[in-house]
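Please read these numbers as outputs of a predicted model, since none were measured by experiment.
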Amino acid sequence: MSNQIQTVNPVDESPISSYELMDRTQAFEAVEACHEAFDAWRLKAPEERAKVIRAIGEELRKSKEEFAQLMTREVGKLIGDSRDEIDLCASICDFTAENGPSELADEERKIPGGTGVVSYAPVGVIYGIQPWNFPCYQAVRYAVANLMAGNGVLLKHAANCTGSGLMLRDVMERAGLPKNLFTVLVIDHDTSDEIIAHKLVRGVTMTGSDKGGRVIAAKAGEQLKKTVLELGSNDAYVVLDDADLDVAVEACVAGRIYNNGQTCVNAKRFVVTEKNYDTFVERYVEKVKAIQTGDPTDETTKLGPMSRVELRDELHEQVQESVKKGARALVGGEIPEGKGAWYPATVLVDVAPGQPAYDDELFGPVASIIKAKDEDDAMRIANDSRYGLGGGLFSKDEKRARELATKHFDTGMISVNGFNVAIPNMPFGGVKDSGYGREHGGFGMKEFVNIKSVYLAA
């Protein structure tokens with residue numbers, strides 16, 4: 001096994017940088033240094049922590065162009081999406097700094113014969129295992145909440161965006177975060193397993209596949225350590241009889257190709273009632289045919305490469321298997337010649353259970369369009385998934401759409417008449433094989449805290 005990580009530009013497979021892997025001793029020393037930094041940080045008032053969190057947001061904005069360019073080189077994100085990602089991360093810092101002190105403040109309750117105090121105490125070092133599709137956001141999402149809570153944070157980033165992980169550490173330290181409090185571990189999977197078991201690691205959070213989530217949860221469970229898991233999805237966007245098709249088609253196309261189709265909450269399955277099906281497919285295909293792949297650093301490009309060639313090849317296998325089992329590709333579905341992790345925007349119809357396009361997550365720019373008999377059937381199909389992260393509804397009757405979303409859609413986040421990715425003041429997370437736990441909206445600050453009960457006698 002190589003003791004180096006080599007990052008590669010997915011546009012043309014040219015090398016970017018190489019990084020030395022830490023050995024077990026170096027990794028354990030880093031954990032101990034993070035815990036030492038935590039031991040001082042935990043005693044700071046939430047208001048003091050909030051000042052540093054706010055400064056991290058400001059430093060992200062100052063570093064936006066440099067950081068965005070690096071992310072685009074490492075994973076092929078459109079440069080505009082990379083810039084937007086940094087803006088989102090800065091807004092997460094703003095929200096956390098503004099709301100953290102009140103979210104984490106002690107609460108007093110009446111108890112027999114005295115006063116009860118509920119206190120939210122930091123627990124220690126939290127280990128995050130994160131993917132490549134949002135090199136800054138995936139790390140910021142859990143790190144900033146836990147830093148606000150008073151914890152120390154470890155990051156094992158995906159190998160292909162190692163540079164982004166290290167840059168985020170530098171940004172945080174420039175903003176005034178104590179050294180080692182946010183530590184990037186450049187390690188392999190075997191060492192990662194030992195980090196999970198390390199006595200100073202008090203919790204584990206992971207974003208990735210449901211297969212990977214099962215492995216991480218099992219290893220953490222052996223150590224009786226809490227986990228928060230965000231494990232992807234095959235989100236259904238339901239087009240009801242009374243939908244505005246102009247709005248629906250526009251949002252569904254944008255929702256499928258956002259971030260080059262590599263987002264856990266991308267719109268992936270489009271469940272359309274029989275009344276609208278033919279028109280929706282016609283308009284959707286027309287828009288997709290106009291999408292050309294191109295240089296992700298060009299601001300006019302609508303679809304860049306996927307992040308790695310092997311992931312592109314896995315996606316193509318899923319498309320081929322779906323076609324073999326009865327799906328039809330109306331556009332796309334072929335790997336272009338030449339170097340790079342390129343894959344065209346693709347539309348599959350005649351999608352049915354038993355096909356990867358129906359059952360699994362297609363992590364790339366491939367849309368699965370499914371015909372439903374009526375609105376009840378559409379909701380049944382939407383919920384006919386082992387996943388439950390995001391989803392959408394299109395209807396002119398907002399009251400009814402709201403009721404379907406809140407009472408009948410078995411998923412964590414539902415967009416009505418639009419497409420959303422993540423908003424700092426709203427909870428983020430899913431159910432079923434999409435994982436458990438919540439981030440954003442104040443919820444993430446309390447996932448890894450010791451909720452103490454203190455009984456004060458009168």
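Side-chain atoms of Ser63 do not come within 3.5 Å of backbone N or O of Glu66 as any donor-acceptor pair.
Using a 4.0 Å cut-off between a side-chain N of Lys or Arg and a carboxylate O of Asp or Glu, Lys219 and Asp193 qualify as a salt bridge. Using a 4.0 Å cut-off between a side-chain N of Lys or Arg and a carboxylate O of Asp or Glu, Lys339 and Asp12 do not qualify as a salt bridge. With salt bridges taken as basic N to acidic carboxylate O contacts below 4.0 Å, one links Lys325 and Glu321. Residues Asp246 and Arg283 are paired through a salt bridge, judged by an N-O separation under 4.0 Å between the basic side chain and the carboxylate. Of the charged side-chain nitrogens involved, at least one lies within less than 4.0 Å of a carboxylate oxygen, so that Lys77 and Glu85 count as a salt-bridged pair. A salt bridge does not link Lys396 to Asp244: none of the charged nitrogens lies less than 4.0 Å from a carboxylate oxygen. For the pair Glu59 and Arg174, the salt-bridge criterion is met [side-chain N within less than 4.0 Å of a carboxylate O]. Using a cut-off of 4.0 Å between Lys/Arg side-chain N and Asp/Glu carboxylate O, Lys432 and Asp410 are scored as salt-bridged. Look at Glu375 and Arg400 and you find a salt bridge, because one of the NZ, NE, NH1 or NH2 atoms lies within 4.0 Å of a carboxylate O, short of that distance.
More than 12 heavy atoms of other residues, nucleotides or ligands sit less than 6.0 Å from atom CD of Glu65. Environment of CZ in Arg402: sparse, with no more than 12 heavy atoms of neighbouring residues, nucleotides or ligands closer than 6.0 Å.
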Determine, stepwise, if the pair Tyr137 / His440 fulfils ring-ring contact (aromatic ring centres under 6.0 Å, His included).
CA-CA 12 Å; Tyr137 166 73; His440 295 329; 5.7 Å; yes
Trp132 and Phe363: CA distance, side-chain angles, deciding distance, ring-ring contact (aromatic ring centres under 6.0 Å, His included) verdict
CA-CA 12 Å; Trp132 43 264; Phe363 213 64; 5.7 Å; yes
Please test Arg214 against Asp433 for side chain to side chain contact (heavy atoms under 4.5 Å, CB included), starting from the C-alpha separation and ending with a verdict.
CA-CA 9 Å; Arg214 285 183 171 85; Asp433 283 8; 3.2 Å; yes
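Between atom CD of residue Gln138 and atom CG of residue Leu155 there is a gap of 10.5 Å, rounded to the nearest 0.5 Å. Distance check: Phe182 CZ to Leu177 CG gives 9.0 Å after rounding to the nearest 0.5 Å.
Under the salt bridge (charged side-chain N to carboxylate O under 4.0 Å, His left out) test applied with Glu361, the options Arg386, Lys268, Lys211 reduce to a single match, Lys268.
In this structure, a donor-acceptor pair under 3.5 Å is present between the side chains of Thr72 and Ser82. Using modelled atom types, one finds a donor on one side chain and an acceptor on the other under 3.5 Å when comparing Thr273 with Asp241. No donor-acceptor contact under 3.5 angstrom links the side chains of Gln6 and Ser18, judged on distance only. Looking at Thr300 and Asp298, their side chains do bring a donor and an acceptor atom within 3.5 Å of each other. There is no side-chain donor-acceptor pair under 3.5 Å between Tyr358 and Asn234. Glu74 and Asn9 share no side-chain donor-acceptor pair at under 3.5 Å. Side-chain atoms of Thr227 and Tyr436 form a donor-acceptor pair, as typed in the model, at a separation below 3.5 Å.
No cation-pi contact links Lys156 to Tyr127, judged by a cut-off of 6.0 Å to the six-membered ring centre and 45° from its axis. Figure legend: cation-pi geometry between Arg141 and Phe428, with NZ or CZ positioned under 6.0 Å from the six-membered ring centre and within 45° of its axis.
Sorted by first then second residue, the ring pair (Phe, Tyr, Trp, His ring centres under 6.0 Å) pairs that include residues 229-279, not counting sequence neighbours, are Phe270-Tyr284.
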